[in-house]
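Please read the structure below before turning to the comments.
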Amino acid sequence: MSYRHIRFPDSGQKISISNNRMVVPDNPILGFVEGDGIGPDITRAALRVWNAAVEKAYGGRRKVHWAELYLGEKASGIYDGDYFPAETLEAIKELIVAIKGPLTTPVGGGFRSLNVSLRQELDLYACVRPVQYFQGVPSPMRRPEDVDVVIFRENTEDVYSGIEYQSGTPENRKLAKFLREEMGVDFFEDAGLGVKPISPFGSKRLVRKAIQYAIDNGRASVTLVHKGNIMKFTEGAFRNWGYEVAREEFGDQTISEDELWEKYDGVAPEGKVVIKDRIADITFQLMQLRPAEFDVLATMNLNGDYLSDALAAEVGGMGIAPGANMADHVAVFEATHGTAPKYANLDKVNPSSLMFSGCMMFDYIGWREVTTLINEAFVRTVGAGIVTYDFARQMEGATEVPTSGFADALIERL
């Protein structure tokens, strides 16, 4: 495809798919989007750390060739006001793997969320958010080291599907009339109305990905998180479809929690992943009281949004929380926090959310040595008290450094 503004480097090769598997060359072209607000600051810092870690890990045998892609405010300036250029979507499909900084979304009006649009346009149906503790990071938990989970959040359905009808509009009145007269339901006059679709297709492919991840990574359990005691035909159905996937597609590799106690007295057989479920509100409590009981969480869109941010707070906050939006192969890794425009261009904020999202990206393409080096350097840097302002204000005797200075300290400790 011919692009107006995007240029792929001549020196790299694109990742490809063969026999339903990614083929990653030693010189892959990976896409990146700077993002808005603090995006340029953290992207510059993260790129330096990633490149240094790749060089350290492979001594020149492997190298990433970066292609800048455009979304958000920077895209608007380049594409005549278009925040969401079609050629960026095509480039991500062609490159298969990309990473992005935070993007601007107005609250209550303006254009629709670019993040949600990206997920839906590329059918990035799984939002994957690992939450783990790094020694030395300030935490409100008594034993934050017990927190080590990976959240698989369904990305395309639920209330995020955007099916809403504003109070007072003809569309709203038409739907309200149908619901009252044809379906026999009752609700207050002039209520805004929304639709919450949860399908077997969307639910099963999300749970399938979560279970496969647990098997591939030696995780002990997958917990289906839902509010099925109240929303029986949406969230309750998600739970039921999840158990169906485990039973019908992973029967030799999984057991239910009922089977665990009825047949094995609570001790899982070697090589078996336990499938269980918990009500969403109880899960929030248990993740504070007994987090070690959980490994992989699979849930719907809204529950996953709440859970991933709340659990990030247990291990240091959104400033270090990584994430990715994945299809079967195409994956876009991202900083999980907002654009923080008041800190834009101040070289101040913590780049770790984006940096660790890059680690997820390197794991995804099979370059796990890069992640190991960065994780170890991060622990050494924080252990030395060298941190950005968000941690410095919570630590005694810390040395506060800017975004670029934190990248410098990490690179020195690779």
Legend entry - Donor + acceptor pair across side chains of Tyr264, Glu259 (<3.5 Å): no
Inset, instruction - May I ask you to decide whether Asp281 forms a salt bridge with Lys227, counting only side-chain N to carboxylate O separations under 4.0 Å? - result: yes
Inset, instruction - On the 0 to 90° scale, with breaks at 30° and 60°, tag the Tyr79-His5 ring pair as parallel, tilted or perpendicular. - result: perpendicular
Legend entry - Residues, nucleotides or ligands: over 12 heavy atoms within 6.0 Å of Arg142 CZ: no
Inset, instruction - Would you mind checking if Lys196 and Glu235 are paired as a salt bridge, meaning a charged N to carboxylate O distance below 4.0 Å? - result: yes
Legend entry - Counterpart residues, side chain to side chain donor-acceptor pair (under 3.5 Å), relative to Asn172 (two or more places apart): none
Inset, instruction - I would like to know whether Tyr343 and Tyr389 meet ring-ring contact (aromatic ring centres under 6.0 Å, His included); could you show each step before the answer? - result: CA-CA 11 Å; Tyr343 295 125; Tyr389 84 100; 5.3 Å; yes
Legend entry - Derivation of the salt bridge (charged side-chain N to carboxylate O under 4.0 Å, His left out) call for Arg208 and Asp328: CA-CA 11 Å; Arg208 182 180 299 118; Asp328 290 334; over 6 Å; no
Legend entry - Crowding at CG, Asp265 (>12 non-hydrogen neighbours, <6.0 Å): no
Inset, instruction - Find out whether the Lys NZ or Arg CZ of Lys63 is both under 6.0 angstrom from the six-membered ring centre of Tyr58 and within 45° of the ring's axis. - result: no
Inset, instruction - List the steps, then state whether side chain to side chain contact (heavy atoms under 4.5 Å, CB included) holds for Met326 with Tyr364. - result: CA-CA 10 Å; Met326 298 180 175; Tyr364 190 66; 4.0 Å; yes
Inset, instruction - Under the ring pair (Phe, Tyr, Trp, His ring centres under 6.0 Å) rule, collect the residues that match up with Phe84, sequence neighbours excluded. - result: none
Legend entry - Salt bridge Asp305-Arg153, side-chain N to carboxylate O under 4.0 Å: yes
Legend entry - Flag if over 12 foreign heavy atoms under 6.0 Å of CD, Glu248: yes
Inset, instruction - Would you please test Cys127 and Phe152 for side chain to side chain contact (heavy atoms under 4.5 Å, CB included) and show each step? - result: CA-CA 6 Å; Cys127 179; Phe152 279 74; over 6 Å; no
Inset, instruction - Could you point out which residue of Leu354, Val332, Leu69, Thr43 forms a side chain to side chain contact (heavy atoms under 4.5 Å, CB included) with Ile99? - result: Leu354
Inset, instruction - Would you indicate whether Arg21, at its atom CZ, is surrounded by more than 12 heavy atoms from other residues, nucleotides or ligands within a distance under 6.0 Å? - result: no
Inset, instruction - List for me each residue that meets ring pair (Phe, Tyr, Trp, His ring centres under 6.0 Å) alongside Phe356, sequence neighbours excluded, and say none if there are none. - result: Phe134, Phe378
Inset, instruction - Quickly, which of Val195, Leu302, Asn301 forms a side chain to side chain contact (heavy atoms under 4.5 Å, CB included) with Val159? Name it, please. - result: Leu302
Inset, instruction - Tell me, with the steps shown, if Glu334 and Arg129 meet salt bridge (charged side-chain N to carboxylate O under 4.0 Å, His left out). - result: CA-CA 10 Å; Glu334 64 177 357; Arg129 294 277 296 273; over 6 Å; no
Legend entry - Distance (rounded to the nearest 0.5 Å) between Ser221 OG and Ile255 CD1: 10.5 Å
Inset, instruction - Mind checking ring pair (Phe, Tyr, Trp, His ring centres under 6.0 Å) for Tyr133 and listing every partner two or more places apart, or none if nothing turns up? - result: none
Legend entry - Side-chain donor-acceptor contact under 3.5 Å, Thr371 with Asp363: yes
Inset, instruction - Please determine which of Ile151, Leu307, Asp148 meets the side chain to side chain contact (heavy atoms under 4.5 Å, CB included) test together with Val131. - result: Ile151
Inset, instruction - For the pair Glu68 and Ile6, evaluate side chain to side chain contact (heavy atoms under 4.5 Å, CB included) and give the outcome as yes or no after the intermediate values. - result: CA-CA 7 Å; Glu68 184 171 7; Ile6 293 170; over 6 Å; no
Legend entry - Short side-chain donor-acceptor distance under 3.5 Å, Asp277 and His226: yes
Legend entry - Note: Glu244-Lys204 ion pair, threshold 4.0 Å (strictly below): yes
Legend entry - Within 6.0 angstrom of Lys276 NZ, more than 12 heavy atoms from elsewhere: yes
Legend entry - Centroid-centroid distance, Tyr70 to Phe32, less than 6.0 Å: no
Inset, instruction - Could you walk me through whether Lys209 and Glu154 pass salt bridge (charged side-chain N to carboxylate O under 4.0 Å, His left out), step by step? - result: CA-CA 10 Å; Lys209 201 171 191 71; Glu154 204 288 321; over 6 Å; no
Legend entry - Which residues share a ring pair (Phe, Tyr, Trp, His ring centres under 6.0 Å) with Trp66, sequence neighbours left out: Trp50
Inset, instruction - Go through the structure and list residues passing salt bridge (charged side-chain N to carboxylate O under 4.0 Å, His left out) with Glu171, not counting sequence neighbours. - result: none
Legend entry - Test log, rule side chain to side chain contact (heavy atoms under 4.5 Å, CB included), inputs Lys100 and Phe333: CA-CA 6 Å; Lys100 70 175 188 65; Phe333 299 82; over 6 Å; no
Inset, instruction - Can you establish whether the number of heavy atoms outside Arg143 located under 6.0 Å from its atom CZ is more than 12? - result: no
Inset, instruction - Find the distance between CZ (Phe406) and OG1 (Thr399) and round it off to the nearest 0.5 Å. - result: 12.0 Å
Inset, instruction - Begin from the C-alpha positions of Glu87 and Arg4 and carry the test salt bridge (charged side-chain N to carboxylate O under 4.0 Å, His left out) through to its verdict. - result: CA-CA 8 Å; Glu87 74 171 22; Arg4 286 176 59 198; 5.6 Å; no
Inset, instruction - Taking only Lys NZ, Arg NE, NH1 and NH2, and the carboxylate oxygens of Asp or Glu, determine whether Arg44 and Asp41 approach each other closer than 4.0 Å. - result: yes
Inset, instruction - Indicate yes or no: does Glu257 engage Arg278 in a salt bridge with an N to O separation below 4.0 Å. - result: yes
